[in-house]
Amino acid sequence: MRISKLFKVDATMLPVIIGLIISGIKIHVTSYVINHEAWHNWAVAHVALSLAFTIVVYIHIRQHWAWYKICYARQRDLV
């Protein structure tokens, strides 16, 4: 059974956003600790996950672009 590209992109978004939330919380928590190295490591992870999320969202929007155009056209016709 082949998994579609749409599903792969959608399935990638969830762990990336969860990692992004966790790393953001860890940055906040470690900012109260004197250990700057731990804060820096979480900050690097947060930036990497932010970049990954931006790329995945871009791919997601490109995959669904035709659907977005249809929804916009229908909404415009209703007004």
Side-chain angles (χ1 to χ4, degrees):
M1 181 171 126
R2 288 183 44 145
I3 299 175
S4 72
K5 289 181 182 179
L6 289 173
F7 181 76
K8 287 179 183 177
V9 170
D10 292 348
T12 303
M13 290 176 79
L14 183 62
V16 170
I17 193 68
I18 290 172
L20 192 57
I21 292 168
I22 290 171
S23 65
I25 292 169
K26 291 289 189 174
I27 289 172
H28 182 71
V29 169
T30 56
S31 67
Y32 293 109
V33 179
I34 304 297
N35 187 357
H36 180 73
E37 184 178 347
W39 179 88
H40 177 74
N41 292 341
W42 282 111
V44 169
H46 191 72
V47 169
L49 287 165
S50 298
L51 180 62
F53 187 70
T54 302
I55 291 168
V56 172
V57 167
Y58 174 75
I59 294 168
H60 178 82
I61 290 172
R62 282 198 56 202
Q63 288 176 335
H64 295 290
W65 190 249
W67 181 77
Y68 294 139
K69 285 176 28 178
I70 290 169
C71 289
Y72 178 73
R74 285 182 184 165
Q75 181 184 16
R76 194 179 57 213
D77 291 341
L78 293 175
V79 174

From M13 CE over to I18 CD1, what is the distance, rounded to the nearest 0.5 angstrom? 12.0 Å
With rounding to the nearest 0.5 angstrom, report the CG to CD1 distance, N41 to I27. 10.5 Å
Take L49 and F53, measure what side chain to side chain contact (heavy atoms under 4.5 Å, CB included) needs, and give me the verdict at the end. CA-CA 6 Å; L49 287 165; F53 187 70; over 6 Å; no
Mind checking side-chain hydrogen bond (donor to acceptor under 3.5 Å, both in side chains) for T30 and listing every partner two or more places apart, or none if nothing turns up? none
Would you say L6 and I61 are hydrophobically clustered, going by side-chain heavy atoms of ILVMFWY under 4.5 Å? no
In one Ile/Leu/Val/Met/Phe/Trp/Tyr side-chain cluster, 4.5 Å: W65, V57: yes
Can you confirm whether V33 sits close enough to W39 that some side-chain heavy atom of one is under 4.5 Å from a side-chain heavy atom of the other? no
Are V47 and V56 grouped together when hydrophobic residues (ILVMFWY) are joined by side-chain heavy atoms under 4.5 angstrom apart? no
Residue pairs, two or more places apart or on separate chains, that pass side-chain hydrogen bond (donor to acceptor under 3.5 Å, both in side chains) and touch residues 13-26: S23-H46
Rounded to the nearest 0.5 Å, what separation is found between the CD1 atom of I55 and the CD1 atom of I59? 7.0 Å
Is it the case that more than 12 heavy atoms not belonging to H40 sit under 6.0 Å from its NE2 atom? no
For Y68, does the OH atom sit with more than 12 other heavy atoms under 6.0 Å from it, leaving out its own atoms? yes
Can you pull out every side-chain hydrogen bond (donor to acceptor under 3.5 Å, both in side chains) where at least one residue sits in residues 5-17? Sequence neighbours excluded, please. D10-H60
Residues L20 and S50: closest non-hydrogen pair is CD1-OG, 3.2 Å
